[in-house]
Number of protein chains: 2
Amino acid sequence: MVGTTARCKGDAMATIHDVAKKADLSVTTVSRVLNNRGYISEATRTKVFRVMEELNYQPNEIARSLLRKQSNVIGLIIPNVSHPFFSELANHIENYAYDQGFKMLLCNSQLDPVKEKDYIEMLKRNRVDGIIMGSHTLQVEEYKNLSSPIVTIDRQISNEIPYISSDNYTGGSLAASLLVEKGCTKIAHICGNLELQLLANKRTEAFQTVMKENKVEHLIIQTDMNVFDQMQYEDIMKRLFEEHPDIDGMFATSDIIAAFAVKQCTAAGKRIPDDVKIIGYDDINAARWLTPSITTIKQPIAELGRKAVDLIMQQMNDEPFEVENILPVTIVERSTT
Amino acid sequence: MVGTTARCKGDAMATIHDVAKKADLSVTTVSRVLNNRGYISEATRTKVFRVMEELNYQPNEIARSLLRKQSNVIGLIIPNVSHPFFSELANHIENYAYDQGFKMLLCNSQLDPVKEKDYIEMLKRNRVDGIIMGSHTLQVEEYKNLSSPIVTIDRQISNEIPYISSDNYTGGSLAASLLVEKGCTKIAHICGNLELQLLANKRTEAFQTVMKENKVEHLIIQTDMNVFDQMQYEDIMKRLFEEHPDIDGMFATSDIIAAFAVKQCTAAGKRIPDDVKIIGYDDINAARWLTPSITTIKQPIAELGRKAVDLIMQQMNDEPFEVENILPVTIVERSTT
DNA sequence: TGTCATATGTCAATCGTTTGACATATTAAA
DNA sequence: TTTAATATGTCAAACGATTGACATATGACA
């Protein structure tokens, strides 16, 4: 069936003038009831609301934004919402922002620097009240003269731009220690590209420290997280177990990587956790419903999201704010250790 | 460290007037180079661009939107981005919308009717060019006089509002047939609430038809998908296997439910696929990286997203469009069958 | 009667940009 | 020399709402 609806163009929405005319009042009066200012009799108030209802009137927020110089929009730039960590973060950010009267524009940079820069400019053109940056493909300088309130997830840009992260060092330490405690003797750590200067690198630092302290044999494999190429993980895992069949412990920098580790172990006939113990990071929802469920370092995702929005609001209102915002992690033991 | 940055309020962004003044030109001329209209000498063109660069000028899209009566924003209302199916859909919608020059406002209704209605009104106040509805908690009437272009995912509202879905009937049929083929003799089907009048119900219809045709014992369990309560799935699965220990086949209406089925089977000591065969629906990314990887009905998520955006644009431009948009599914055999 | 609180109105400016109408140069081609 | 294309300018209206300043009218109370 093919159709063209009449309800598209042409039938412009009612304006405050239409409401005023139909209610036989001045626009000023209508605006007054809309904004609760000045003296309004109960009679006119109800009349105005009735007419608004009849005309299906919705105040034009674009016009308001223009006048108020405030859009009540927050921009969120992340690599990709389809990554569970970011989708959960986006969910919490949007929920909390909505509670605070903000809308959220979602931008998936796909970790493409050109796209990321484009998004930043787009958000500025649209006069968003703030930007939450979860994608970091640009040079530090590019973020500095951004003029709008900004918050960074998991990356320190400068001493002025606030950033949020989980306590990566403690997280890495907890994971490494648990593996050692459980008796692992050769432990692999899969992390992202360490040259990217992300705060997540502290997980690796902590891991190394614990390994050295306990004199445990270990190895570190960097992955190119720039590509959300799941095949890549499979290959890495496969090669890892071929080259080092005696690995009996793994600390992956995300639950997804941990899931791939589980997969390859199973494929290689190794039992989890008896032959190999695996720990992930993030505690995405999936960590619970995977089989076996994954032991992991839990990031407080909801709090991260709330903090991000709070920091935007604090900057908007010229309130003081913390530049460094490191939220505590906990270790959640499940079936892979 | 506590700080207050100077770069927040006060330092209003440069306007086209600032550019004109600094470039010693009229606003009209600047606007002309900005919009590529009329005669402009190469000299002034470059001068204008240089000054824009110097002032870090970004044209105010809010003002433009007001004048053009077009925001270039699409609103997406879904239950929850943290659900993998919706996060992948949102990702594709945003990507394609961006390519077409649109931004995307993300709204998580949390399947709360009040919130959903609120979001619809918010989007109208913000004069979005169209709304993609993936959340359906309201009565049909509420959606009808919406005035803005709208597209519905997986629900038919009326004969005028376009809707998109995967070929649910074929999907259900493929899944059911495969289980029968593979020799299952008692098959369970876990679906959502059938009273909700969603197109997904056709999966159940098809399942029943195939079961009856082949005279296979079967049972249907409705879940309250209104709650993204993962504990609920666990309980249902547990009870199911307790009450019907002889189940040897399952068709779940989502990969996540299938994952919980896998989990409970494993917990109950049943081997997959030897003792029980399981088929999911959606083919979310996780279906591949789960252990065992899940056999599932693949929805063409990217195409669904593109189609949704296309339908919004077609309505905007008063072009003819299809009301019914059913996209083909395929079955992807993995390790659970 | 005068004063004040209440209730509404008129008018104009503002937000930043676009656009049409029209004027005015300069330069180049006919 | 006339004509036309090129290049820029001025001016004002429009988009939809808010707001301050000010006027006016009614009713109540002192």
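By convention in this document, chain letters (A, B, ...) are assigned in the order of the sequence lines, proteins followed by strands, and residues within each chain are numbered from 1. Only this structure's heavy atoms are used, side chains among them; waters, hydrogens and symmetry mates stay out.
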Assess the residue pair B:N159 and B:E324 against the criterion (side-chain hydrogen bond (donor to acceptor under 3.5 Å, both in side chains)); give the C-alpha distance rounded to whole Å, side-chain angles, the decisive distance to 0.1 Å, and a yes or no. CA-CA 9 Å; B:N159 288 325; B:E324 180 176 87; over 6 Å; no
How many angstroms lie between [atom1] in [X] and [atom2] in [Y], if you round to the nearest 0.5 Å?
{"X": "B:S148", "Y": "B:I131", "atom1": "OG", "atom2": "CD1", "value": "4.0 Å"}
{"X": "A:D310", "Y": "A:F321", "atom1": "CG", "atom2": "CZ", "value": "13.0 Å"}
{"X": "A:F86", "Y": "A:I301", "atom1": "CZ", "atom2": "CD1", "value": "10.0 Å"}
{"X": "A:Q110", "Y": "A:T137", "atom1": "CD", "atom2": "OG1", "value": "11.5 Å"}

Option from A:V128, A:L76, A:V309 for which side-chain contact (heavy atoms from CB on, under 4.5 Å) with A:M104 holds: A:L76
Under a 4.0 Å threshold between the charged nitrogen and the carboxylate oxygen, would A:R50 count as salt-bridged to A:E53? no
Criterion side-chain hydrogen bond (donor to acceptor under 3.5 Å, both in side chains) on A:S31 and A:T28, from CA distance to verdict: CA-CA 5 Å; A:S31 174; A:T28 307; over 6 Å; no
What does the inter-axis angle of the helix from C:dT1-D:dA30 to C:dA30-D:dT1 come out as, five pairs per end, nearest 10 degrees? 50°
Just wondering, do A:I16 and A:Y57 contact through their side chains at under 4.5 Å, heavy atoms? yes
I'd like to check the side-chain hydrogen bond (donor to acceptor under 3.5 Å, both in side chains) partners of A:K22; sequence neighbours left out, ordered by chain and number. A:E54
When the aromatic ring centroids of B:Y96 and B:F102 are compared, is their separation below 6.0 Å? no
Please report the distance, rounded to the nearest Å, between CG in A:D24 and P in C:dT10. 10 Å
Take atom CG of A:L25 and atom P of C:dA7, then tell me their distance rounded to the nearest Å. 13 Å
Quick one about B:N126 and A:E61 (side-chain donor to acceptor, distance below 3.5 Å, no hydrogens or angles considered), yes or no? no
Close N or O pairs between protein and nucleotides 3-7 of chain D (under 3.5 Å):
from	atom 1	to	atom 2	distance (Å)
D:dT6	OP2	B:Y39	OH	2.6

Show every salt bridge (charged side-chain N to carboxylate O under 4.0 Å, His left out) that has at least one partner inside residues 97-121 of chain B, sequence neighbours left out. B:K117-B:E142
Letter by letter from the 5' end, nucleotides 15-30 of chain D scores (B base, S sugar-phosphate only, - none; protein heavy atoms under 4.0 Å) BBBSBS----------
Sub-3.5 Å pairs of nitrogen or oxygen atoms, protein against nucleotides 26-30 of chain C:
none

Which part of the nucleic acid, if any, lies within contact of A:T29, taking any heavy atom under 4.0 Å across all strands shown: a base, the sugar-phosphate backbone alone, or nothing? sugar-phosphate
